[in-house]
Amino acid sequence: MKLLVLGSGGREHALVWKLAHSRHVSRLWVAPGNAGTALEHLRVSGGPVENVPIAADNIEALLEFARTHHPDLTVVGPDNPLALGVVDRFQEEGFTIWGPNQRAAQFEASKAFSQEFMERHGIPTALSGVFTEPIAAKEFCARLNGRCAVKADGLALGKGVLLTSTLAEAERAVDEILVDKSFGAAGSQVVIQELLEGMEISLHALCDGRTAKLFPTAQDHKRALDGDLGLNTGGMGTYSPAPFLTDAELERVGQQILQPWLAGCAVDGIDFRGLLYPGVMLTASGPKVLEFNARFGDPETQVYLPRLENDLFELLMASVGGTLDRIDLKWSPDACVCVVAASAGYPGPVTRDKIITGLDEVAALPGVKVFHAGTAHRGGHCVTSGGRVLGVTAWAPTLASARDRAYAALDHIHFEGMQFRRDIAAKGLR
Ligand code: AMP
Ligand code: GLY
């Protein structure tokens, strides 16, 4: 089988790494990929994974590539091409592609869509309102005493959520989104939620339109600095499983969210074939969904896929084909930890083209895999080319040993300005 994977981040390197292990995959292109994806080899043939210099959201160029090379399956990593309708366009031309269609991708592309869906179908979520008018929005903020999560409706590179603790802050956040249009068209509507307290976890469920298969838990670390301080980022590290729910509790939480979600999709005629990623707060009054994403998490994928024992290609084909009910997901009992090494300045503007050293030494360590994100090959070196650069990932029988392994591996790696959090998985070890 010939596969085309879209995207260039750590998530996509993990997807490519796992798909390259599949006994079905004989050719694998990545558009555009990164320095790490280009180093992977296929288990079947030993042949290399091939990077293709096409951006993941250049749909016309991707279609042209597909017409020439006829991939048997295209796998979409990031949210942007999903929101642009890449799945619909590929399907119109008869290509098999994994990911939700444009309508189903609204769960991520529009927070207002998701919030209204959750309320209509009884999915546990924060008390909330959706507004286009600043005055009405501010009245709602006042009802919440200014303790709000103020969210731009559309995709905003993970930056469109402002958490406020006073009414003045909340009113400023509303103005920033609705009046100043700091997030452009993504801010034509605003979703305001009550500020929830509790432990935040990531859930993932692979879906085929009728069946949703829940993954184990993971926890992300969104803030830039240790102790959950600093700015919000795309994610500075993850681990799985997160020990805040027993297996039975996870099953129950999954059902509380996924059963009404599946039933709601059926009623509304939404055919979601892809990965549903609810961000969930475990509050004193039960689990509450903060948001839905319609793709694998980054860096959650980096800790899920080393634990996944199924052939990922088979899972994705079952998701596309509506046969997930016939498959059981199998997970290694190992814990897995991913620590993100980021460029100086991240999540703001970053330095680039810094030479990365130590990758060869780390490649020889057992139970360790470095997933690349913002990397490129230049002049015989692997160099930095983005904010999040590497996801140093390790697995071991206990969370503490996996954490120690990941940090021991990170000790070998260097690039100028490298920053990372030293407390990944700490909450899970307390
Ligand atoms: P979102 O993109 O909607 O997940 O929001 C980004 C981050 O903001 C989440 O990962 C949470 O850490 C935080 N957040 C979002 N909504 C809320 C809320 N209602 N209460 C508390 N924190 C929130
Ligand atoms: N881990 C955060 C995200 O993928 O959105």
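Atom set for the values below is all heavy atoms of this structure, side chains included, hydrogens, waters and symmetry mates excluded. Keep in mind the model is a prediction, meaning the values are calculated, not measured. As the structure lists them, so they are numbered: ligands from 1, and atoms in each ligand from 1.
- Counting the atoms of ligand 2 from 1 in the order shown, those under 4.0 Å from a heavy atom of G297 are 4 (O).
- Only one option out of H221, R223, K222, R421 pairs with D228 in a side chain to side chain donor-acceptor pair (under 3.5 Å); it is R421.
- Looking only at side-chain heavy atoms (C-beta outward), I424 and R403 stay at 4.5 Å or farther from each other.
- Against a heavy-atom cut-off of under 4.0 Å, A149 is close to the following atoms of ligand 1: 16 (N), 17 (C), 18 (C), 19 (N).
- If you number the atoms of ligand 1 from 1 as listed, the ones under 4.0 Å from a heavy atom of Q193 come out as 16 (N), 17 (C), 18 (C), 19 (N).
- Atom 3 (O) of ligand 1 has as its closest protein heavy atom K151 NZ, 2.8 Å.
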Determine, step by step, whether E60 and N58 satisfy the side-chain hydrogen bond (donor to acceptor under 3.5 Å, both in side chains) criterion, reporting the C-alpha distance in whole Å, the side-chain angles of both residues, the deciding distance to 0.1 Å, and the verdict.
-> CA-CA 6 Å; E60 291 315 314; N58 187 346; over 6 Å; no
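- Atoms of ligand 1 found under 4.0 Å from any heavy atom of L195, numbered from 1 in the order shown, are 20 (N), 21 (C).
- When the options F95, W98, F65 are evaluated for a ring pair (Phe, Tyr, Trp, His ring centres under 6.0 Å) with F90, the one that passes is F95.
- Nearest-heavy-atom check against atom 18 (C) of ligand 1 across V280, V191, L290 picks out L290.
- The ligand atoms of ligand 1 that sit less than 4.0 angstrom from a heavy atom of E291 are 1 (P), 2 (O), 3 (O), 4 (O).
- No salt bridge links K18 with D311; every basic N to acidic carboxylate O contact stays at or beyond 4.0 Å.
- The proximity of E197 to ligand 1, defined as any non-hydrogen pair under 4.0 Å, does not occur for either the backbone or the side chain.
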Any chance you could lay out the side chain to side chain contact (heavy atoms under 4.5 Å, CB included) test for Y277 and E300, step after step, and finish with the verdict?
-> CA-CA 10 Å; Y277 158 10; E300 283 86 345; 2.8 Å; yes
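- Listed by number with element, the atoms of ligand 2 under 4.0 angstrom from any heavy atom of D220 are 1 (N), 2 (C).
- Taking distance alone, with nitrogen or oxygen atoms compared against 3.5 Å, D298 approaches ligand 2 more closely than that limit.
- The protein heavy-atom contact nearest to atom 14 (N) of ligand 1 is L163 CD2, 3.8 Å.
- Among protein heavy atoms, the minimum distance from atom 5 (O) of ligand 2 is reached at R295 NH2, 2.8 Å.
- In this structure, the protein non-hydrogen atom closest to atom 20 (N) of ligand 1 is L196 N, 2.8 Å.
- Partner of Q115 under the side-chain contact (heavy atoms from CB on, under 4.5 Å) criterion, out of Q193, Q189, K151: Q193 alone.
- Checked against the 6.0 Å centroid criterion, the rings of Y304 and W395 do not qualify as a close aromatic pair.
- Listed by atom number, the atoms of ligand 1 under 4.0 Å from K222 heavy atoms are 10 (O).
- Less than 4.0 angstrom separates some heavy atom of K111 from each of these atoms of ligand 1: 1 (P), 2 (O), 3 (O).
- Using a 4.5 Å heavy-atom threshold, the side chains of P241 and W331 count as separate.
- The closest side-chain heavy-atom distance from L390 to H372 is below 4.5 Å.
- Considering only non-hydrogen protein atoms, atom 5 (O) of ligand 1 sits nearest to V161 CG2, 3.5 Å.
- Protein heavy atom closest to atom 7 (C) of ligand 1, with residue, atom name and distance, is N232 ND2, 4.3 Å.
- Put simply, part of Y277 is less than 4.0 Å from ligand 2, judged by heavy atoms.
- Under 3.5 Å, the side chains of H13 and E40 contain a donor-acceptor pair of N or O atoms.
- The G234 neighbourhood of ligand 2 comprises atoms 1 (N), 2 (C), with distances under 4.0 Å to a heavy atom of that residue.
- Using a 4.5 Å heavy-atom threshold, the side chains of P299 and R388 count as touching.
- For ligand 1, the atoms lying closer than 4.0 Å to a non-hydrogen atom of M281 are 21 (C), 22 (N).
- Classified by interplanar angle (parallel below 30°, tilted 30° to 60°, perpendicular above 60°), the ring pair F113/F107 is perpendicular.
- Taking atom 9 (C) of ligand 1 as the reference point, the nearest protein heavy-atom neighbour is E200 OE2, 3.3 Å.
- Residue contacts with ligand 2 leave out G235, since none of its heavy atoms falls under 4.0 Å from the ligand.
- Ion pairing between K330 and E309 fails under the 4.0 Å rule for side-chain N and carboxylate O.
- Contacts between E300 and ligand 2, counted as non-hydrogen atom pairs separated by less than 4.0 Å, involve the side chain only.
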